[in-house]
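What follows is a set of notes on a single structure, which appears directly below.
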Amino acid sequence: MPHASSPSSSPRPLRLARLLLPFGLLLLVSLLVLHGRPPGTRPGQSGTDPAALFLSLSPGANASIAADLLTLTSGPHLAGTPGAAGVAAHVLSRLRAAGLRTLTREYAPLLSYRAHASLALLAADRSLLAHLSTDEPADPGRRVVRPYHAYAPSGAAVAEAVFVNLGREEDLAALDRLGVSLRGRVAVAVRGGGYRGGVVARAAGRGAVAVLIAGRADGGVERGTVLLGGPGDPLTPGWAAADGAERLGFDHEAVRRRFPTIPSMPVSADTASAIVRSLGGPALPAEWRAGLGLEGHAGGVGPGPTLVNFTYQEDRKMATIKDIFAVIKGREEPDRYVILGNHRDAWTYGAVDPNSGTAALLDVARRLGIMLRSGWTPRRTIILCSWDAEEFGMIGSTEWVEENLGDLQSKAVAYLNVDCAVQGMGLFAGSTPQLDKLLIDVTRQVKDPDVEGKTVHDTWSTMNGGINIERLARTDSDFAPFLHHAGIPCVDLYYGKEFPGYHTALDSYIWMEKHGDPLFLRHLAITEIWGLLALRLANDLVLPFDYHTYASQLQEHTNVLADRMNNSQSVSVINGFINDLSSAATEVQKEAKELKLLDIHDGRGLIRRRLLNDRLLLAERSFLHAEGLQGRTWYKHLMYSPPEDYESELSFFPGIADAISRRGNQSTRQRQAAVRQELWRVAMAIQRAANVLRGEFGAHNKPINFSVSMAP
């Protein structure tokens, strides 16, 4: 098989030829920046705009980004495997070559690998019909780790199969209507039903003994974790998995609930199709047939009459992972941190996920290093982070946040995340609302990579009917511990809505060069947006946070919640607190304008700016609840932690969402009491944020009525 990063058509030198000329220009521009300034001048301290300096280093940068990505994707590099060391060494060497001070931190979490798997189709009398492949058709040479679900438990089953479509609650309800039970059976699903761990948990809840999740028709099979209950090392919930740290036993309740109770595995579309085509039972719904190319198939959803013989053996072990950091110490406020992060571990080659982001991070580092050597230094400290073991559940970032929680909560300004920097066309972004305006402003400074003469803002504002900034209530990248656990404002950036080769052997440099970003201009755009965001947050005298936007977004959430509960009066009590937050934001804006007019060196002005900035960065922490969400104490953020129900319609107010979804055997009165408590917690958090912005104790003496009635 040809090398995964080598096309079969043309030699590598010809393939990179169109990028080499800009690379020479890159070197020339760097020399001009370093040596072309007048003697004694210090950019960033004598009026030179750091953003302009950063952007001046763009010519030819796409070539260096492409070169880095080619090196990073030369082989598979799953965390805890030998291939991971080479990628770590490359990242560390490039950060040092940029002239930045580097640090590393190792942890020893529990990781999970595939030891053995087998699959066969049997007749009703248990005679063998066919051995079924557990490999990935897109990886015939087995160069990458064979498909598996991390943390799926070992197990075996010989049982009838049932096709569950995407494995969503609505699909299981459809089976109920057909009179088909999952109890004691193997569930066969098509990928696309949300978090794969949720698909497994739902099937287990219906009594299934195993789950198989089908890949795409292109031959890719999606690997991934099925860990439940949040990110981080499952044996050290809430504290770092450092050497010598206390670790909970596997029989501890906090550990047991992190793992699925039944084995599962990703399989190819061909393997899943072979099973489904052998099934009888009620007829397949017409809308379920497309997922496995069964349009002309007249079979059923099962169960049986065939049997599936499935065996999976997991290899759990403590493995060493390594986080890598580059630190640029701030001049005036070295104890305030602007943090940029990307993970470098990958399920396969990682050209999209995550090393498109890694290559962009290295280019940010290159530019900042040149700026430092030209005399510029940031006002606040900038930290560049390369995380390990993200694919196992954001472990590298989570352990670091847990280890440094007190320091980060008092000093971190914001965390800027880029995971899959480029997976297609069009900018997509998520953030906490106070950063929306800054993000939009920055995109006006960056050339669009696909439309000549336009900015990213121009095309973003016309795409999908206008700018849409997602709220980060999901747990699928490294912003999760920063926002959901530590309450630090966050941004997440990427190009392209989705990538068909996600977590498969198709995630290679070949795909990126041929399809994802042939000229690496989208990489360039992400690099520029990322860097400009960091520079604004690190250099602005007053932090560019807009809490008016936050208040407006919370009001929109409240309106949606009121409609969802069919009882606006029970939710309207939150409105008064949102109005108070909006008033506090207005006061802060007025104060910020006054402070910007003061002499930058005025001592009293310096102190007042520092105090205002502290209030701005600490306001987000007000949305945390020290005890965490009910039954999910690691999640602290009451506005944007993920809901417990993976299929919840609410992507905000997670405590309220949980109280609504946990109907179970509760009486109406019990459910109303639970929702009432969560409404109160949200309202109090919003009031705390308003008080923090004002820098004063709360003085809200207005009586509060939290009476709740819920729609059935």
Side-chain angles (χ1 to χ4, degrees), residues 114 116-135 146-149 151-169 171-176 178-193 196-215 221-224 226 259-285 288-289 291-292 294 297 299-314:
R114 167 176 165 165
H116 171 75
S118 65
L119 191 61
L121 191 62
L122 309 180
D125 62 2
R126 301 204 171 200
S127 61
L128 178 67
L129 294 176
H131 289 291
L132 301 178
S133 173
T134 61
D135 287 327
R146 298 171 74 183
Y148 78 102
H149 285 158
Y151 303 105
S154 298
V158 179
E160 295 173 321
V162 172
F163 182 50
V164 298
N165 193 30
L166 301 180
R168 302 164 299 182
E169 197 61 47
D171 298 320
L172 302 184
L175 290 173
D176 289 341
L178 293 172
V180 176
S181 171
L182 276 182
R183 185 161 301 280
R185 289 163 176 147
V186 175
V188 180
V190 175
R191 185 73 180 103
R196 67 188 73 80
V199 172
V200 175
R202 283 190 291 273
R206 297 295 187 104
V209 294
V211 177
L212 303 174
I213 301 181
V221 177
E222 181 188 309
R223 300 143 182 83
V226 290
F259 300 112
T261 57
I262 60 174
S264 66
M265 188 172 175
V267 296
S268 70
D270 288 345
T271 291
S273 178
I275 296 172
V276 175
R277 288 179 182 277
S278 74
L279 299 179
L284 269 174
W288 288 18
R289 296 175 184 173
L292 287 175
L294 300 172
H297 179 61
V301 297
T306 55
L307 301 174
V308 169
N309 185 355
F310 173 52
T311 302
Y312 179 73
Q313 184 177 343
E314 180 195 17

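Everything quoted here is computed from the prediction, not taken from an experiment.
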Point-to-point distance, once rounded to the nearest 0.5 Å, from CZ of Phe163 to CG of Leu284: 6.5 Å

If I compare all heavy atoms of Ala203 with all of Ala187, which pair ends up nearest, and what's the gap? CB-CB, 4.2 Å

Test Val267 against every option in Val188, Leu132, Ile275, Leu212 by the side-chain contact (heavy atoms from CB on, under 4.5 Å) rule and name the one that passes. Leu212

Residue pairs, two or more places apart or on separate chains, that pass salt bridge (charged side-chain N to carboxylate O under 4.0 Å, His left out) and touch residues 152-163: Glu160-Arg185

Checking Ser268 against Asp270: is there a side-chain donor and acceptor pair closer than 3.5 Å? no

Please name all residues satisfying side-chain contact (heavy atoms from CB on, under 4.5 Å) with Ala283, sequence neighbours left out, ordered by chain then number. none

Work out which heavy atom in Thr271 is nearest to a heavy atom in Ser133; give both atom names and the distance. OG1-O, 2.9 Å

CD (Glu314) and NE2 (His116) are apart, to the nearest 0.5 Å, by 14.5 Å

Aromatic plane relationship, Phe259 with Tyr151 - under 30° parallel, 30 to 60° tilted, over 60° perpendicular: tilted

If you look at every heavy atom in Gly167 and Ala189, which pair is closest and at what distance? N-CB, 4.5 Å

What pairs with Arg196 under side-chain contact (heavy atoms from CB on, under 4.5 Å), at least two apart in sequence or on another chain? His149, Arg191, Ile213, Glu222, Thr225, Val226, Tyr502, His503

Got a donor-acceptor contact below 3.5 angstrom from the Thr134 side chain to the Ser118 backbone? no

Between Gly184 and Val209 the two heavy atoms that sit nearest each other are CA-CG1, 3.7 Å

Set of residues satisfying side-chain contact (heavy atoms from CB on, under 4.5 Å) with respect to Ser278, sequence neighbours excluded: Leu121, Thr306

What residue pairs, at least two apart or across chains, pass salt bridge (charged side-chain N to carboxylate O under 4.0 Å, His left out) with a residue in residues 205-215? Glu169-Arg206, Asp176-Arg206

Run Val190 and Leu166 through side chain to side chain contact (heavy atoms under 4.5 Å, CB included) and show every step you take. CA-CA 5 Å; Val190 175; Leu166 301 180; 4.0 Å; yes

In terms of heavy-atom contacts, His131 and Leu128 come closest through NE2-CD2, 3.3 Å

Phe310: ring-ring contact (aromatic ring centres under 6.0 Å, His included) partners, not counting sequence neighbours: none

Across all chains, not counting sequence neighbours, the side-chain contact (heavy atoms from CB on, under 4.5 Å) partners of Ser273 are Arg277, Leu294

If you round to the nearest 0.5 Å, how far is OH of Tyr148 from CD of Gln313? 14.0 Å

Mind checking what makes salt bridge (charged side-chain N to carboxylate O under 4.0 Å, His left out) contact with Arg168, not counting sequence neighbours? Glu170, Asp171

Nearest heavy-atom neighbours spanning Ala157 and Val186: CB-CG2, 4.5 Å

Any non-hydrogen side-chain atom of Pro303 less than 4.5 Å from a side-chain atom of Val180? yes

Any non-hydrogen side-chain atom of Pro282 less than 4.5 Å from a side-chain atom of Leu175? no

Gap between atom CG of Asp125 and atom CG of Leu307 - 0.5 Å precision: 8.5 Å

